[in-house]
Amino acid sequence: KALTALSDEEVIRKEIKQKLYHIRYQIDGSDESIVIATVRPETIMGDTAICVNPKDERYLHLHGKFAFVPLINRRIPIIADEYVTMDFGTGALKVTPAHDTNDYQLGTKHNLEVVDVLNDDGTMSEAAQIYVGLDRFETRKKIAVELEEKGYLLKTEEYTSEVGFSERTDVVVEPRLSLQWWLSMKDIATPALKAVMEEEIQFFPPKFRNVYKHWMENIKDWCVSRQLWWGHRIPAWYDEQGNVVVAENEEKAIEKYVADHGKNPVFFKQDEDCLDTWFSSWLWPFEVFKGYSNPGNKEIQYYYPTNTLVTAPEIIFFWVARMIMAGEEYMKAIPFKEVYFTGIVRDKQGRKMSKSLGNSPDLLGLIDQYGADASRFGIMISSPAGNDILFDEAALEQGRNFNNKMWNALKLIHMWKERTTDLVTEPPFAVRWFEERLRQVTEEVDLMMTQFRLSEALKTIYSLIWDDFCSWYLEWVKPGYEQPLEENVHDFTVDYFTELMQMLHPFMPFITEEIYHQLEKNREVDLCVRQCQMPNHSANSSILEQGQMLKEIITGIRDVRNKQQIKPKETIKLFIQTETPDIFKGLYGIIEKQVNASEINLSTTNIPGSFTTVIGKNTFYVVSEKPIDTSHQKAELEKEMEYLKGFLVSVEKKLSNERFVSNAKPEVIELEKKKKNDAENKIRIIEESLEKM
RNA sequence: GGGAGCAUAGCUCAGUUGGUUCAGAGCAUCUGCCUUACAAGCAGAGGGUCCGCGGUUCGAGCCCGUGUGCUCCCACCA
């Protein structure tokens with residue numbers, strides 16, 4: 001047990017206009033006096049020193065002398081401490097250890113007497129000597145008058161400062177000494193600090209390790225007793241003389257008492273205080289499985305330590321650190337391996353959501369409006385790990401639209417099912433490509449999930465479904481109007497869609513489950529959250545590169561169509577000039593469909609009257625009914641040319657820099673050479689195209 | 001006052017030993033489309049002195065110093 005100066009929890013600070021009283025204290029053995037300034041003149045009877053700054057020249061001659069507290073004439077020392085600010089008030093501070101936190105610390109440091117002038121009910125105590133039994137605020141008024149009458153009050157000035165009010169009762173909180181139970185923290189903090197610093201326990205995001213480290217390295221003893229009537233009661237018992245015994249329970253306390261005193265206690269009463277809420281909470285990881293009260297039971301063996309704690313960063317110290325300490329102390333093992341910190345949900349303007357602001361969304365209303373999956377999507381997509389969440393309904397709308405998109409994809413696949421053909425062919429390029437793409441993204445998402453980069457994982461899956469699956473893959477395999485689809489292509493598509501639903505399931509459980517069952521009737525098991533099935537070999541990069549090139553070609557030619565204002569329904573003829581015609585094998589069908597080309601041919605020369613565009617190492621000539629506007633095209637090519645030449649210069653400069661060549665890693669130099677080569681090739685191709693225009 | 005973090009497109013954010021053409025994504029914006037899954041959509045585009053200054057380096061969005069601005073936690077002046 002130790003004295004506590006004050007607990008400042010549940011205290012609301014408010015700016016209050018007050019009076020600052022300048023009060024004169026007579027110096028012992030001198031005509032001189034020293035003036036202090038205070039807003040609480042009723043506490044002067046608790047003064048046990050006057051403190052000045054050691055550097056303050058005004059008071060140098062008073063160091064070590066004594067002064068008298070007005071009205072009660074207690075003789076108190078004049079001490080010097082850096083704590084006192086010279087330019088505030090008079091530069092002299094009355095020290096009241098019983099009623100001010102800082103004064104208490106000052107008192108401890110300088111071995112000052114402690115005089116508690118207040119009773120529990122806020123009236124003046126016997127120790128105050130005067131105004132005993134009178135309310136503190138009444139005393140303040142009366143004492144000011146008395147001080148003035150007796151010539152101690154020199155002046156009063158208006159002063160605004162912060163005063164603590166009780167959160168529950170809204171009365172001014174009075175710092176007051178009391179006897180409390182404390183827990184010495186240093187020893188139990190050491191292993192807990194080590195566990196996190198050595199990453200036996202990992203924090204996500206890791207930046208919070210700094211906060212934890214700072215706390216644990218500067219840990220203060222913990223006041224664990226509370227004057228409440230609920231909670232775990234302090235396990236301490238007193239006899240009639242106030243001798244105390246601490247034990248696990250009353251039975252053991254009596255045993256201990258008998259051992260210490262050689263007799264049974266006549267009177268034995270448990271302490272009425274309760275433990276701090278967090279003292280109970282820090283037992284949570286093991287005591288929910290009775291790991292302390294019934295050690296080694298089956299459940300605690302299975303569940304302790306657990307894997308991941310999900311919590312908020314503002315309770316790193318209150319709860320996270322304490323659970324780790326309790327785990328190490330009582331279970332001799334860490335309680336969990338990973339801690340994931342969620343952000344605080346804020347409104348669009350960045351304000352914390354709160355009842356008083358009334359800016360919390362009505363979740364059930366949102367679910368009605370957008371759907372449960374969409375609401376989950378909206379929150380998850382805007383939760384970058386470790387950052388606060390700015391809640392914006394637009395994200396929920398995006399989630400709703402995503403639902404709709406997937407629903408429509410399902411509808412399309414159902415339509416195909418009705419007219420598949422038994423004809424089974426080699427899987428077309430699109431099928432092979434998407435398999436690789438799925439494999440690639442699965443690996444990416446798996447990595448993000450293990451790093452708790454949840455919103456990034458969701459974004460990646462979202463893009464895989466919307467862009468790769470719907471916008472590219474489905475369009476690539478889509479049969480012509482009223483044409484049938486090969487059965488195996490349909491089956492692959494169903495498999496892919498299933499795999500996608502599995503990936504998305506943790507984020508959007510309802511629609512994924514539904515689509516999963518509708519894709520294939522009579523599925524026996526439900527979808528559940530499981531780890532990604534890691535592919536048994538890594539993705540085939542050449543197919544992926546080919547797919548990437550295909551996307552770029554399609555986009556590039558669509559851009560030409562747009563810029564040339566060729567109507568969507570109007571077909572074009574496409575000629576490809578390439579040194580590697582093989583890479584286009586099997587892609588003609590897709591390209592024709594995607595850019596609405598009536599035919600595609602290879603060409604070794606420029607096509608007159610066409611629009612030229614260079615994509616990668618290949619030149620494409622677009623022929624349309626419409627007259628081609630080459631001025632725009634020419635300007636674009638020239639612009640690119642200029643850029644490439646500038647780029648080439650910078651690469652060449654780098655390569656001719658001796659210091660670069662001698663210092664850079666060989667693979668970096670190789671890359672630079674490749675860049676140079678690529679740029680030169682591209683410049684040549686564009687030059688040729690420009691010449692012919 | 002003590003500590004931590006942040007500053008990249010209009011907004012929210014990625015950018016993983018400093019080296020691909022690195023300046024990105026989503027949303028928003030603009031243009032064109034009622035194309036037979038989807039207008040809650042399709043196709044395309046524009047948009048940035050990577051906060052300022054200095055340094056290290058062959059090379060800096062990334063490393064170091066410094067200034068400015070913001071956020072959070074803790075303490076709080078009689």
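Just so we're on the same page: letters track the sequence lines, and every chain starts at 1.
- For A:Glu456, counting side-chain heavy atoms from C-beta on, the closest listed nucleotide (B:rC58, B:rA43, B:rA14) is B:rA14.
- Taking the C1' atom of each, B:rU16 and B:rG52 are spaced 28 Å apart, rounded to whole Å.
- When distances run from any side-chain atom of A:Val211 to the nucleotides B:rC38, B:rA4, B:rU16, the shortest one goes to B:rA4.
- Closest heavy-atom contact between A:Glu199 and A:Arg209: CG-NH2, 3.9 Å.
- A distance of 12.0 Å separates NE2 of A:His214 from CG of A:Leu193, quoted to the nearest 0.5 Å.
- Across the strands present, B:rG41 finds its partner in B:rC33; the criterion is a Watson-Crick or G-U wobble pair with both atom distances under 3.5 angstrom.
- Summary of the strand contacts: A:Asp559 and A:Thr38 both lie near RNA chain B, and taking for each the nucleotide with the nearest heavy atom, the more 5' one is attributed to A:Asp559.
- Counting heavy atoms from C-beta on, the side chains of A:Thr96 and A:Lys94 come closer than 4.5 Å.
- Distances were taken from every side-chain heavy atom of A:Asn210 (C-beta onward) to each of B:rG5, B:rG41, B:rG44; the shortest belongs to B:rG5.
- A 3.5 Å limit on both hydrogen-bonding distances identifies no Watson-Crick or G-U partner for B:rC62.
- Of the nucleotides present, none pairs with B:rC76 by Watson-Crick or G-U wobble criteria with both distances under 3.5 Å.
- When both pairing distances are held under 3.5 Å, B:rU12 makes a Watson-Crick or G-U pair with B:rA25.
- The C1' atoms of B:rC50 and B:rU8 are separated by 4 Å, rounded to the nearest whole Å.
- Across B:rA9 and B:rG47, the matching P atoms stand 15 Å from one another, rounded to whole Å.
- Using a 4.0 Å heavy-atom cutoff across all strands shown, A:Ala37 reaches at least one base atom of the nucleic acid.
- The side chain of A:Tyr462 places an N or O atom within less than 4.0 Å of a non-bridging phosphate oxygen (OP1 or OP2) of B:rC27.
- Proximity of A:Lys405 to the phosphate of B:rG41: no side-chain N or O atom is located under 4.0 Å from OP1 or OP2.
- Using N1 to N3 plus N6-O4 or O6-N4 for Watson-Crick, or N1-O2 and O6-N3 for G-U wobble, each under 3.5 Å, B:rU49 pairs with nothing.
- B:rC62 and B:rG19 have their P atoms separated by 11 Å, given to the nearest Å.
- By the neighbour-count criterion of 12 heavy atoms within 6.0 Å, atom NZ of A:Lys417 is sparsely surrounded, having that number or fewer from other residues, nucleotides or ligands.
- A 3.5 Å limit on both hydrogen-bonding distances identifies no Watson-Crick or G-U partner for B:rU57.
- Taking the C1' atom of each, B:rU29 and B:rG10 are spaced 8 Å apart, rounded to whole Å.
- Taking atom C1' in both B:rA60 and B:rG15, the straight-line distance is 14 Å, to the nearest Å.
- Summarising the geometry, atom CG belonging to A:Leu454 is positioned 13.0 Å from atom CD1 belonging to A:Ile379; distances are rounded to the nearest 0.5 Å.
- Between A:Arg322 and A:Trp222, some side-chain heavy-atom pair lies under the 4.5 Å cut-off.
- Taking atom P in both B:rC53 and B:rG46, one finds a spacing of 28 Å when rounded to whole Å.
- Going from atom OG of A:Ser375 over to atom CZ of A:Arg400 covers 11.0 Å, rounded to the nearest 0.5 Å.
- For B:rG44, one of the phosphate oxygens OP1 or OP2 lies less than 4.0 angstrom from a side-chain nitrogen or oxygen of A:Thr555.
- Comparing the P positions of B:rU49 and B:rU36 gives a spacing of 42 Å, expressed to the nearest Å.
- The distance from atom NZ of A:Lys459 to atom P of B:rG15 is 11 Å, rounded to the nearest whole Å.
- Contact between the side-chain N/O atoms of A:Trp215 and the OP1/OP2 oxygens of B:rG2 is not found at any separation under 4.0 Å.
- Judged by Watson-Crick or G-U wobble contacts below 3.5 Å, the nucleotide B:rG69 has B:rC6 as its partner.
- Residue A:Arg400 places none of its side-chain N or O atoms closer than 4.0 Å to OP1 or OP2 of B:rA40.
- Between the side chain of A:Glu475 and the base of B:rA37 there is at least one donor-acceptor pair of N/O atoms closer than 3.5 Å.
- In this structure, A:Trp416 reaches neither bases nor backbone, as no heavy-atom distance under 4.0 Å exists between it and the strands shown.
- Between B:rC74 and A:Asn218, no contact under 4.0 Å exists linking OP1 or OP2 to a side-chain N or O.
- Between B:rU36 and A:Arg419, no contact under 4.0 Å exists linking OP1 or OP2 to a side-chain N or O.
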